[in-house]
Number of protein chains: 2
Amino acid sequence: MEKVTMADVARAAGVSKSTVSQYLNKRYEYMGEKTKQKIEEAIKTLGYQPNFLARSLKQKRTSFIGIIVANITHYFSTEVSRAIEDFFHQHDLQAIVCNADDDPEKEKKYIEMLRAKQVDGLIIFPTGQNHDLYKNMVEQGYPVVFMDRKVEESLKVFSILTDNTESTYKAVQRFIDKGHKNIAFVVQPLRVSTRLDRLEGYKRALKNAGIEINPDYIVEADIPDMKAKLERLFSMEVKPTALFAANDRAFMAVVEFLKEKKIQLGEDLELIVFDNIPFAHLLDTPISFIIQPAREMGFKAAELLYEQIKQEDRTPEVFVFPSKMI
Amino acid sequence: MEKVTMADVARAAGVSKSTVSQYLNKRYEYMGEKTKQKIEEAIKTLGYQPNFLARSLKQKRTSFIGIIVANITHYFSTEVSRAIEDFFHQHDLQAIVCNADDDPEKEKKYIEMLRAKQVDGLIIFPTGQNHDLYKNMVEQGYPVVFMDRKVEESLKVFSILTDNTESTYKAVQRFIDKGHKNIAFVVQPLRVSTRLDRLEGYKRALKNAGIEINPDYIVEADIPDMKAKLERLFSMEVKPTALFAANDRAFMAVVEFLKEKKIQLGEDLELIVFDNIPFAHLLDTPISFIIQPAREMGFKAAELLYEQIKQEDRTPEVFVFPSKMI
DNA sequence: TTGTAAGCGTTATCAC
DNA sequence: GTGATAACGCTTACAA
């Protein structure tokens, strides 16, 4: 195993550790040409590999940043993460992606682990249940950016969101314009702000059109239970003619259900989904998607985090990126 | 920012650093109950968070492992990575995923970076162009497992592969059984073993059936150039009636092309793809997929790496997981 | 231009 | 049971 250390190189080159360190950090302004060469050679022959851990300990930065995703199975999350990774790769930082799996305990564990391992900052898709932790980080001035979901208003933090209510409102409006009256809304448990905001948009659109909100048309269920609830929805006397899926996972559940029941998309039912799915353009079905500008959002988050890491002070702000329907 | 260190806790609790360390490592066999409580209290009031970096430096392990993926845009890669992450999560190690983007230079950079940062081991989807580096790691006894693609035979390493040639052979055989004679093979540059092996299976199947291999039916191109080459393929006098896409990216390019040209899948052309794609089951098109047991492969790789990390010696071996067509 | 020595925050080995 | 003290491998004043 590797054991060659800077001291070995120094010895081999007949110089001191500090000189080697200078060399490694490319500070050869005032370095003798021969010293430089001797070091170079020693490194080669010994096969020396610097230990960044030791450096990090000293410098108090690891060039790692963490991304804690509430649920990685949302395509949106992976798109955003990828954008963040790309940004940091350009700045020679490495992103570490952790999946909290919608579990606040796991989220907590990850936040603590990453902080213990001294990552330089965190971008979090919050589960929303760890306010104290969030607050703690913010108060300590630890670089952090929240993504996708709101955290308690009182926390002064950088957040990146999309216009959930607005976009949903417009989409449902579209259904209404087309003459739909029986519009279903399918969503996972309303624990998080995105889902609540989208529901709000749905309700507002109906209200605005003078359509009564029928609670039976609002299907709230965990993915495993969704099928059963959909079963109930589609066995109602007055079946919905349009359906809004509040995210990609809900959408998947719906499509699977429809396939099974042989309900024809476009004919028996119109569908709008909040979120993009990979290869959406491959489907030649008449589904509309509300697409968040994932890459832009990711880049912005990365940029905001990077500024904090570089200690460029700036008051926290919430950035809202509008989504587009296609 | 956080600055509370073990020394602070020790001082506050009126004990020595070593005792605190004992406490943190849950070695309270021989620890006075009151000392324990004093430490506990000091930690609480100071809000002490241990610094794992320092510990890692001392213990020479970081509880990080790296995954270097040749190209993360292959769905297979993300499936495998996820399985690996899951495995290590159970063992309290964190995976760091890096995307080499099919670029050997980038791969090299990542390998060096991760090793410099002292990750405990590496699972690599090799680009294949960094033999010296690979060799170097193996010779130094650094824990490493190769995934998906073969590296030079001479290297005695753990590898996880699928039966590329066999599976392709069978698939093409199926085309032939159905009466197809003009079977195209679409692939990205034949730089890597998987693609070569799949091509080998294709050729063998044709040969075995006494069908002459027509080089014009073998489309080898980078994704951006693929469209042009497909254009050429489908403007031949004798158009292919069946097409084998050597991976998901090639498949995507093909489907886009077909859509544009309004060529009907199933009617004008039959399609088999090597690789799964997300939501494949949503498509109600008559496409066959050759699916690698990604999770199993990932778990196996993780397990093999973990054994190495735990210093459980074992001679390197190549594991071949059969794929299945659906 | 190069060397000395003191950290960085832990853990580990011994004494006591 | 607990505490000095020396590592771990590097960076960084400060000296020389």
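Throughout, protein chains are lettered first and strands after them, A, B, ... in sequence-line order, and every chain is numbered starting at 1. The figures that follow rest on heavy atoms only: side chains count, while hydrogens, waters and symmetry mates do not.
Contact annotation for B:Thr5: backbone-only contact, meaning every heavy-atom pair under 4.0 Å involves sugar-phosphate atoms and none involves a base. Using a 4.0 Å heavy-atom criterion, one finds that A:Tyr48 contacts the sugar-phosphate atoms exclusively. Using a 4.0 Å heavy-atom cutoff across all strands shown, A:Ser56 reaches no nucleic acid atom at all.
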Which pairs, protein N/O on one side and nucleotides 4-6 of chain C N/O on the other, fall under 3.5 Å?
unit_1: C:dT4; atom_1: O4; unit_2: A:Ser18; atom_2: OG; d: 2.7

Distances under 3.5 Å between protein N/O atoms and the N/O atoms of nucleotides 14-16 of chain C, please, pair by pair.
none

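In this structure, A:Arg115 satisfies the cation-pi test against A:Tyr142, with its NZ or CZ atom closer than 6.0 Å to the six-membered ring centre and inside 45 degrees of the ring normal. With a 6.0 Å cutoff to the six-membered ring centre and a 45° limit on the axis angle, B:Lys117 does not count as a cation-pi contact of B:Phe64.
Taking a cutoff of 4.0 Å between a charged side-chain nitrogen and a carboxylate oxygen, A:Arg11 and A:Asp8 qualify as a salt bridge. With respect to the salt-bridge test (charged N to carboxylate O, under 4.0 angstrom), the residues A:Arg191 and A:Asp102 do not qualify. Taking a cutoff of 4.0 Å between a charged side-chain nitrogen and a carboxylate oxygen, B:Glu105 and B:Lys108 do not qualify as a salt bridge. Ion pairing between A:Glu307 and A:Arg314 holds under the 4.0 Å rule for side-chain N and carboxylate O.
With the nearest nucleotide of DNA chain D identified for both A:Ser21 and B:Leu57, B:Leu57 has the one nearer the 5' end.
Note: CG (A:Leu53) to P (C:dG9) measures 14 Å, nearest angstrom. Atom CD of A:Gln59 is separated from atom C1' of C:dG7 by 13 Å (rounded to the nearest Å). Straight-line distance from the CG atom of B:Asp8 to the P atom of C:dC8: 11 Å, rounded to whole Å. For the pair B:Asn25 CG and D:dT2 C1', the interatomic distance rounds to 16 Å; values are reported in whole Å. Rounded to whole Å, atom C1' of C:dT2 lies 12 Å from atom NZ of A:Lys34. Counting to the nearest Å, the C1' atom of C:dA12 and the CZ atom of B:Arg61 are 13 Å from each other. Note: CZ (A:Arg115) to C1' (C:dG9) measures 16 Å, nearest angstrom. The NZ atom of B:Lys60 sits 13 Å away from the C1' atom of C:dT10 (whole-angstrom rounding).
Checking B:Thr62 against B:Gln118 by side-chain atom types alone, no donor-acceptor pair falls below 3.5 Å.
For A:Asn51, no side-chain nitrogen or oxygen approaches OP1 or OP2 of D:dC8 to under 4.0 Å.
Taking all atoms of both residues into account, the shortest heavy-atom contact from B:Ser77 to B:Val69 is CB-CG1, 3.5 Å. Minimum heavy-atom separation, A:Val192 to A:Arg149: CG1-NH1, 3.3 Å. Of all heavy-atom pairs spanning B:Asn99 and B:Asn71, the tightest one is OD1-CA, 3.5 Å.
For A:Arg55, whose side chain is taken as the heavy atoms from C-beta onward, the closest listed nucleotide among D:dG9, C:dT1, D:dC10 is D:dC10.
Contacts of residues 39-47 of chain A with DNA chain C (heavy atom under 4.0 Å): none.
A centroid separation of less than 6.0 Å is found between the aromatic rings of B:Tyr134 and B:Phe146.
Side-chain atoms of A:Asp120 come within 3.5 Å of backbone atoms of A:Ser63 as a donor-acceptor pair (strictly under, hydrogens ignored).
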